[in-house]
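The chains referred to below are lettered A, B, ... by the order of the sequence lines, with proteins before strands, and numbering in each begins at 1.
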Number of protein chains: 4
Amino acid sequence: MNIPFKTIALIGKFRNLEITEPLLQLADLLANKNIDVLIDKDTAEHIKPNSHKKIALEHMQGRVDLAIVLGGDGTMLNVARTLGPFGIPLVGVNQGRMGFLTDISLDNMLHTITSILNGEFISEQRMLLSVSVLRDKQEIFKSLAFNEIILHRGGASGMIEFEVRINGEYLYNQRADGLIVATPTGSTAYALSAGGPILHPSLDLIALVPVCPHILSNRPIVLNSNSIVEFSLRHAAHAPASHVRLRADSHNHFDLQAQDHVVVTRHPSTACLLHPVGYSYFNTLREKLLWNKTI
Amino acid sequence: MNIPFKTIALIGKFRNLEITEPLLQLADLLANKNIDVLIDKDTAEHIKPNSHKKIALEHMQGRVDLAIVLGGDGTMLNVARTLGPFGIPLVGVNQGRMGFLTDISLDNMLHTITSILNGEFISEQRMLLSVSVLRDKQEIFKSLAFNEIILHRGGASGMIEFEVRINGEYLYNQRADGLIVATPTGSTAYALSAGGPILHPSLDLIALVPVCPHILSNRPIVLNSNSIVEFSLRHAAHAPASHVRLRADSHNHFDLQAQDHVVVTRHPSTACLLHPVGYSYFNTLREKLLWNKTI
Amino acid sequence: MNIPFKTIALIGKFRNLEITEPLLQLADLLANKNIDVLIDKDTAEHIKPNSHKKIALEHMQGRVDLAIVLGGDGTMLNVARTLGPFGIPLVGVNQGRMGFLTDISLDNMLHTITSILNGEFISEQRMLLSVSVLRDKQEIFKSLAFNEIILHRGGASGMIEFEVRINGEYLYNQRADGLIVATPTGSTAYALSAGGPILHPSLDLIALVPVCPHILSNRPIVLNSNSIVEFSLRHAAHAPASHVRLRADSHNHFDLQAQDHVVVTRHPSTACLLHPVGYSYFNTLREKLLWNKTI
Amino acid sequence: MNIPFKTIALIGKFRNLEITEPLLQLADLLANKNIDVLIDKDTAEHIKPNSHKKIALEHMQGRVDLAIVLGGDGTMLNVARTLGPFGIPLVGVNQGRMGFLTDISLDNMLHTITSILNGEFISEQRMLLSVSVLRDKQEIFKSLAFNEIILHRGGASGMIEFEVRINGEYLYNQRADGLIVATPTGSTAYALSAGGPILHPSLDLIALVPVCPHILSNRPIVLNSNSIVEFSLRHAAHAPASHVRLRADSHNHFDLQAQDHVVVTRHPSTACLLHPVGYSYFNTLREKLLWNKTI
């Protein structure tokens with residue numbers, strides 16, 4: 001039988017020793033199948049001694065056929081931002097609690113990964129976002145996001161005010177704690193806490209979700225993923241623009257100045273997730289949002 | 001110059017005498033341009049005497065190139081359900097308050113309609129929904145909706161419980177006042193009051209919006225418009241299924257029985273709306289939701 | 001030791017055979033302590049043969065020192081509406097799932113009830129509401145509520161419109177599915193699903209909670225429990241007033257006509273609940289609303 | 001007739017030149033009535049030259065019988081925190097848009113103030129909050145709030161986690177952007193944007209309103225104003241406690257450290273507001289929340 005994954009990278013949750021043993025077990029399983037195993041460099045530092053080859057995430061392009069992530073959704077999010085654009089498919093193993101992105105449990109890991117190696121999996125493409133900050137027409141910050149781009153008041157003492165345009169057309173001036181531009185993947189993350197809708201991950205959409213808007217009728221808006229979303233800060237006495245913070249996936253951030261111009265677009269690449277056969281997004285929703293609890 | 005609309009139907013708000021004068025003014029304008037004018041039969045009954053030809057909505061297929069509706073969004077909704085599937089484009093004139101669907105004001109009507117006749121308009125296709133009720137595998141109710149399909153407890157004394165499946169896959173059992181399946185057009189109608197997101201009308205999507213769900217984490221879900229949404233009622237002591245009501249656009253309704261099976265799908269036709277040049281959906285949102293009011 | 005409860009009534013969930021055995025066990029326990037045991041008449045009909053004395057709920061006034069309810073919150077609600085105004089303290093035993101009002105589990109029942117008989121309990125007074133419907137200045141409907149009074153569109157095809165006055169002062173005209181006037185006890189029932197706040201049950205307050213209001217800025221309002229809340233229906237073409245339904249605790253209902261006037265006030269009596277020592281309202285909230293689940 | 005206000009302080013919006021002329025007009029009116037007029041020192045700096053006596057806010061205690069504030073709700077909020085505890089009644093004049101706290105318009109100012117001086121007014125006491133931060137059992141920060149105390153993630157990259165206790169009893173561990181403890185006055189400010197209920201200002205209550213809580217069933221809770229609310233931060237890898245910010249009325253702030261303990265209680269003083277005869281809180285709600293707009 002033909003195994004399509006010749007080289008597989010293993011990536012563990014950052015500085016988490018509990019994943020050492022299952023990760024090495026998995027490495028052995030793969031090695032026994034004559035698969036080349038590469039351990040993520042940061043992960044490997046905490047798993048010494050080990051005889052496996054190491055590789056940094058950013059060098060995996062063209063060298064890795066599949067990446068298996070052991071950790072939680074946060075780990076997967078960080079990995080997907082780097083490996084997604086390289087076209088490397090991702091598999092997520094969780095450490096106990098099922099995640100939206102890490103749907104294989106440690107208990108079933110060896111069995112499920114074996115099935116995936118045998119070609120038994122569901123493949124899914126998930127959209128990514130790009131954000132750029134322009135100052136004096138120069139791009140001074142750029143990032144990718146898998147979940148969302150957030151404009152947020154940060155440490156500002158009051159609400160911030162900003163103008164939003166979609167494809168160049170004026171949408172509104174908003175006073176709020178902030179505004180989220182979420183992907184379908186991000187729709188079950190921070191955007192959900194802010195009152196946003198759940199977007200099925202198969203859809204190419206973005207949701208604009210205001211965070212604590214001053215105008216109570218300001219509701220989440222769902223737009224075509226090809227929309228160009230632009231923000232400009234408005235000067236407010238109580239919230240100097242310099243305090244306003246831009247975030248990508250609660251990870252990268254940038255502190256904005258008053259004249260900065262922010263542009264969010266769909267990233268040309270997608271992240272490819274592989275799920276075990278039997279995977280059900282609706283089942284994950286029920287589990288994670290406790291819809292099946294009797295109360 | 002070539003005018004593509006040779007025969008135009010005029011339809012007024014049901015039993016509303018105030019539209020008589022503007023409707024006749026419009027009829028004169030069109031007649032002067034050698035356009036055949038047909039007055040909707042129900043409308044004509046309240047505009048006597050008049051010398052214009054009459055025609056029932058359901059006979060307009062193939063005979064009318066354009067329908068102009070004078071009234072509010074409710075009138076447009078009713079007309080669109082009939083004329084949309086006939087492929088007749090629709091123009092909406094409101095009687096004072098801008099509507100989501102009736103975006104031409106009476107004041108500008110003659111001028112704007114003239115421009116539209118000259119080919120100056122923005123054309124837009126809006127999706128429609130179909131609903132069927134099956135009892136013992138026989139279809140016993142069928143309707144079309146432009147805004148939404150609603151499963152609602154009606155006069156039942158407590159919440160109703162129902163199971164929802166998407167493309168045959170189990171989504172959840174829900175206890176709630178009801179559930180809305182909304183089109184993008186309907187996303188700014190009842191679904192918005194129930195906490196649903198705004199879906200841009202250019203999108204082919206449906207939103208499942210629970211009405212007062214018992215489980216507080218039950219949030220609106222946005223799905224591909226090709227999804228097949230199925231409901232089955234669950235027996236509940238306090239809410240006999242016989243009280244549960246199905247609605248299409250708050251217009252047609254059907255009282256369900258316990259074993260009835262409800263199927264909602266996208267309707268193969270769309271409704272075509274013509275807007276004046278300069279039309280902006282975002283502007284309509286700002287106006288209707290009072291986003292531009294200083295408070 | 002002095003036992004203050006000489007006569008105790010036992011009331012089971014309506015037509016529920018599962019409570020037969022624990023109810024008879026409890027009756028034996030009480031009889032062994034020389035307490036007079038009376039079984040609610042409706043409950044007794046389903047527990048034959050049994051040798052205990054029977055009594056209807058409405059005849060318990062002055063004859064019963066304590067009522068123990070076996071069932072769920074719904075059963076307790078119905079009992080409290082009758083026995084609360086009689087000044088009879090209530091104890092609630094649940095059949096498996098902890099309730100807001102039935103906080104003793106079947107497993108601990110015999111032990112906990114024994115403690116309560118020994119005077120080890122926390123006593124709590126909960127406010128009740130009265131509702132009257134006036135037609136031509138005559139009272140034509142009257143009811144008591146423990147959770148809430150609901151004005152609801154029932155089977156009406158669209159939203160209903162009504163005017164609300166507080167202590168004679170105009171509050172607003174509202175278009176909505178309905179309006180809830182909730183007690184603190186009711187704040188965790190239907191009102192919570194409609195977006196209302198949780199009111200600590202020790203407070204004398206009412207919450208006005210709109211159900212799916214058309215105006216998105218219409219939010220729940222918390223008022224002094226001494227407020228007189230009045231509703232008048234407004235005529236709406238799409239929602240004839242005759243379809244509008246008034247409910248007390250999802251139990252009693254009354255179909256309103258266009259000129260009817262509804263008055264909600266605090267009921268002069270309270271319902272007295274006895275909880276086991278160690279009872280914690282916050283613990284109940286955490287359990288019922290799944291705040292302690294890891295997700 | 002007996003005028004009870006012998007000495008009146010006038011306070012204008014900070015660094016706002018537009019209030020100069022009406023403020024001086026008002027000063028003349030009062031002087032002509034033989035009332036001693038004192039101008040707030042900060043206000044006076046921007047109204048030169050003027051011959052009126054100056055006084056700093058913090059020196060007004062015992063010297064001023066009434067303070068008239070010209071500005072918006074923000075100005076009133078700042079003044080009320082200082083003058084409220086001094087027992088000085090406050091009158092608010094707005095500069096164009098009616099405020100919740102500044103209900104007299106510039107147009108009617110001279111007439112309305114004259115009526116108030118004649119004893120025609122409605123007097124209202126509004127509760128205040130105190131917050132203390134304890135570090136190693138020492139109080140290291142203390143503030144007063146009229147609207148709310150806010151625990152907020154500030155510039156932290158993710159949600160913060162904190163434990164909340166009420167009167168020493170454990171309420172919950174919450175992951176969220178933050179938590180608001182709002183007075184009835186503050187219930188229509190930031191807390192409303194975060195989904196909190198409107199609390200009638202005559203009530204002695206506090207509302208705990210979570211900001212974007214991770215657990216979707218975490219809803220606002222209304223408590224007795226005598227409740228002692230305590231927060232302790234929980235360590236979170238992604239949100240070092242040092243970034244968490246405490247705010248009082250979006251004005252004073254303090255950056256918390258991991259072991260800090262925050263205690264919020266009702267302040268022993270109240271702020272006294274004087275309203276013109278005819279003042280209606282419900283009318284203010286309708287105006288400010290646009291309930292009376294036809295849409």
Handout entry: Backbone N/O of D:Tyr172 and side chain of C:Trp291: donor-acceptor pair under 3.5 Å
Key = no

Completion exercise
Cut-off 4.5 Å, heavy atoms of chain D, and the answer for C:Leu192 is both

Practice task
Given side chain to side chain contact (heavy atoms under 4.5 Å, CB included), test D:Leu289 with C:Asn218 step by step and report yes or no.
Solution key: CA-CA 8 Å; D:Leu289 300 181; C:Asn218 253 317; over 6 Å; no

Exercise for the section: Could you grab the distance from atom CG of C:Leu223 to atom CG of D:Leu203, nearest 0.5 Å is fine? Expected result: 7.0 Å

Practice task
For each of D:Leu208, D:Leu205, D:Leu285, tally heavy-atom pairs with chain C at distances under 4.5 Å, and name the one with the top tally.
Solution key: D:Leu205

Practice task
Mind checking the CG-CG spacing from C:Asn224 to D:Asp204? Nearest 0.5 Å is all I need.
Solution key: 10.5 Å

Handout entry: Region of C:Ser280 that comes under 4.5 Å of a non-hydrogen atom in chain D
Key = both

Practice task
Look at the side chain of C:Arg286 and the backbone N and O of D:Leu171, then say whether any donor-acceptor pair between them is shorter than 3.5 Å.
Solution key: yes

Problem - Nearest-0.5 Å distance, OG of residue D:Ser227 to NE2 of residue C:His200 - result: 7.5 Å

Handout entry: CD1-CZ distance between D:Ile221 and C:Phe282, expressed to the nearest 0.5 angstrom
Key = 6.5 Å

